[in-house]
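Here the structure is laid out as structure tokens; the discussion comes afterwards.
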4 protein chains.
Amino acid sequence: MQLFLQKGYKAVSYENITRKTRLSKGAIYHYFPSKQDLLVQTFEFLLEAARQRDTAALVAEVRDIPSFKRMYLRMKARQLKSFYSRLNQKQLQFNKVLFFIEAINEYHRLGEIVADLLRQEVDFLRRCMEELKKHRLIPAGKDPESLAQGLFWMLDGAENMLYIRKSRDQARDYLALYKKTLDLFFNLI
Amino acid sequence: MQLFLQKGYKAVSYENITRKTRLSKGAIYHYFPSKQDLLVQTFEFLLEAARQRDTAALVAEVRDIPSFKRMYLRMKARQLKSFYSRLNQKQLQFNKVLFFIEAINEYHRLGEIVADLLRQEVDFLRRCMEELKKHRLIPAGKDPESLAQGLFWMLDGAENMLYIRKSRDQARDYLALYKKTLDLFFNLI
Amino acid sequence: MQLFLQKGYKAVSYENITRKTRLSKGAIYHYFPSKQDLLVQTFEFLLEAARQRDTAALVAEVRDIPSFKRMYLRMKARQLKSFYSRLNQKQLQFNKVLFFIEAINEYHRLGEIVADLLRQEVDFLRRCMEELKKHRLIPAGKDPESLAQGLFWMLDGAENMLYIRKSRDQARDYLALYKKTLDLFFNLI
Amino acid sequence: MQLFLQKGYKAVSYENITRKTRLSKGAIYHYFPSKQDLLVQTFEFLLEAARQRDTAALVAEVRDIPSFKRMYLRMKARQLKSFYSRLNQKQLQFNKVLFFIEAINEYHRLGEIVADLLRQEVDFLRRCMEELKKHRLIPAGKDPESLAQGLFWMLDGAENMLYIRKSRDQARDYLALYKKTLDLFFNLI
DNA sequence: AATGAATGAGCGTTCATTCAT
DNA sequence: AATGAATGAACGCTCATTCAT
């Protein structure tokens, strides 16, 4: 997992894996029938970290913009923590985008899983926006759907920048970036 | 170039290249000392398509929001045209993100070039926003810097979605998507 | 046994064997110290099916050509039955020649055992021919030794063809082929 | 070719080939895209040695049994010479049967080619028998078809024995064996 | 300028075998 | 008696690169 995230799927060889795990090739093949299988299981295991449960409860917390921001950042912090605990590391210099693209290239079903997850994310944001609208915290004439879409794209685009800047302490950066983007978003609308 | 964009850097072999170019390996090595050099030259040649000149003239065209949208889309259309003409193709099913990441991984200086280009893009948007502000077309209290940043992230995040959906006619899709994102943005603010 | 006959020695892996036997590798190694030993024991067990007893009694049955043919085909039918009962199968699509060659290549003593068996087979045919000669059923001037050798080669050559044609119901085919060859032989002489 | 005939297809590794040819793996892959292709080309090249031309002229030589025997042995001698010249060797301890079975297992079309060749062989013998019959050198009531079939099986079966005895000087043995079988055959009928 | 034969390190994978439990 | 985790050599194959011509 650590190797895949650091170097991408293709660039990881069994030689790398055996050195890192201190196991022989045969031992790894004993548990994973192929490199692709290794990827798929890794991918799905990591994706679990991003899966949200109790979104209804989270949406219900939204009373005003500050409460929404707090809730959203808390949720993201929890996801990050789960992600790093699955990695068994406090932090890791990695390239999520490369890993995702190679994973989807290698095994197309993973693309559908990701697309699904993203749809759920937008949907969740839409429900939050509706909640804010109920409390009249969003200017009239702006529909929750568009707001959710716009915020989502903004968050996604912001995150992209991280991989170009390659910062060292990504865990903190993520949250700081999310916060900055939320602030910016609510300043815009 | 076409091969790199379609399959990514690593996945392209000299065998692929010789078949496509109908040249021998030796001939290619005669002009490009290594595969990395082939990548760098390709990358920089393509990046030229995204380089904007006369941004001052473009910014000067901005009088109101519709004029800004028209100008921006025209500029993007020109970039796309230039991009495809460099490719010597009308369109190409490709994966820009994979190509960029692999290119930057392979040769870090390319990352700085891209980062530079992106900064110029945000800067350009900022100047457009200032222009709109001058004409009082943007609500008071929203600073051009943030607006530019937000719009840029939104555009970038929106574009990302394209690679998951893998649309066939990307040239048209790009412009449609940019238009949609601009509309959405001005609806939000 | 079934696997060796179907796929040949080399092509059978312990993975194949554990799946078929539902035993663990360790269990198989507990009884057979190596793959070669597995082969040798299998081979010798199968060869037992071809071993004839009471050849004297069989030869004594020969009174005329029809009685010889009947006796010979009965004997072969019994061998086939014994062979399939050792296999615990009614029939099996297999390649005897590949199995024999690989077995002999792997462990040369098996070659001597087979050669011995074949010599006994020719010898048995020779004694039958002598019996027929006693009853003056064979033209004068044809010695039993040559007749036996000729018939044996004919039977062997005929059998060879089976592996190229790869018939489904080999058990029946064998007997039909033996019968056809015997008829042809006695028509020739 | 030499390696395949000596050890069989499966047992030959690229390591063997590179040592024998003093070429690198890459050089071999430069000319043969796969091991299977190496086999098929070898097989077809060797099979060419067995292909008979001018069978009509050969059949026309048949006037009596001695002339048939001479012609047949001359033809076989020429085939053997062609075979060894293709091998670039005077003689080679080899296992034709293993090579043939593995070749056919690996690429089924080779089986059809061999079956075709064998059919032509029987057909050639049948025409020779008809010629002998015309000269009344074959007892009445024995049809050329059966005689050809019987002789063919006998030759084939006789040849089989060679691989078990593994004689050193196979080239001479072949011809001696063919001669012995022909003599035996004409003694029988 | 251009060819393509040749190299050899490295890849993912299979395999018979060992051994602690 | 029986398990299955672990090994490491060997396999067929791909690749960027070199170089004599």
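Both backbone and side-chain heavy atoms feed into the values below; hydrogens, waters and symmetry mates do not.
Nucleotide dT7(F) holds its C1' atom 16 Å from the CD atom of Glu15(A), rounded to whole Å. When rounded to the nearest whole Å, the span between CD of Gln36(D) and P of dC11(F) equals 19 Å. As rounded to whole Å, 15 Å separates atom P of dC19(E) from atom OH of Tyr14(C). In this structure, OH of Tyr29(D) is placed 17 Å from P of dA9(E), rounded to the nearest angstrom. Put simply, CG on Leu39(C) is 12 Å from P on dT17(E), counting in whole angstrom units. When the C1' atom of dG10(E) is taken as reference, atom NZ of Lys25(D) falls 10 Å away, rounded to whole Å. The interatomic distance linking Phe32(C) (CZ) with dA16(E) (P) rounds to 15 Å, in whole Å. Rounded to an integer number of Å, the gap from Arg19(D) CZ to dA10(F) P is 10 Å.
Note on Tyr31(C): only backbone sugar-phosphate atoms sit closer than 4.0 angstrom, heavy atoms only; bases stay farther off. In this structure, Thr18(C) reaches neither bases nor backbone, as no heavy-atom distance under 4.0 Å exists between it and the strands shown. Among the protein residues, Lys35(A) comes within range of the sugar-phosphate backbone only, with heavy atoms under 4.0 Å from sugar or phosphate atoms but none that close to a base.
The residue among Tyr9(D) and Pro33(B) whose nearest nucleotide of DNA chain F is located toward the 5' end is Tyr9(D). Between Ser24(B) and Lys10(A), the residue anchored nearer the 5' end of DNA chain E, judged by the nucleotide with its closest heavy atom, is Ser24(B). The residue among Leu23(D) and Gly26(A) whose nearest nucleotide of DNA chain E lies closer to the 5′ end is Leu23(D).
The side-chain heavy atoms of Met1(A) and Gln89(A), taken from C-beta on, include no pair separated by under 4.5 Å.
A 3.5 Å limit on both hydrogen-bonding distances identifies dG8(E) as the Watson-Crick or G-U partner of dC15(F). Base pairing analysis places dA2(F) opposite dT21(E); the two distances defining the Watson-Crick or G-U wobble pair are each below 3.5 Å.
Using the six-membered ring where Trp is involved, Tyr14(A) and Tyr29(A) have ring planes that are parallel, under 30° apart on the 30 and 60° scheme. Note: Phe94(A) and Phe83(A) have tilted aromatic rings, judged against thresholds of 30 and 60 degrees for the angle between ring planes.
Taking only side-chain atoms of Ser13(D), from C-beta outward, the nucleotide of dT7(F), dG12(F), dC15(E) with the closest atom is dG12(F).
Within the cation-pi definition used here (under 6.0 Å to the ring centroid, within 45° of the axis), Lys35(C) qualifies as a partner of Tyr9(C).
Side-chain rings of Phe43(C) and Phe100(C) approach one another, their centers coming within less than 6.0 Å.
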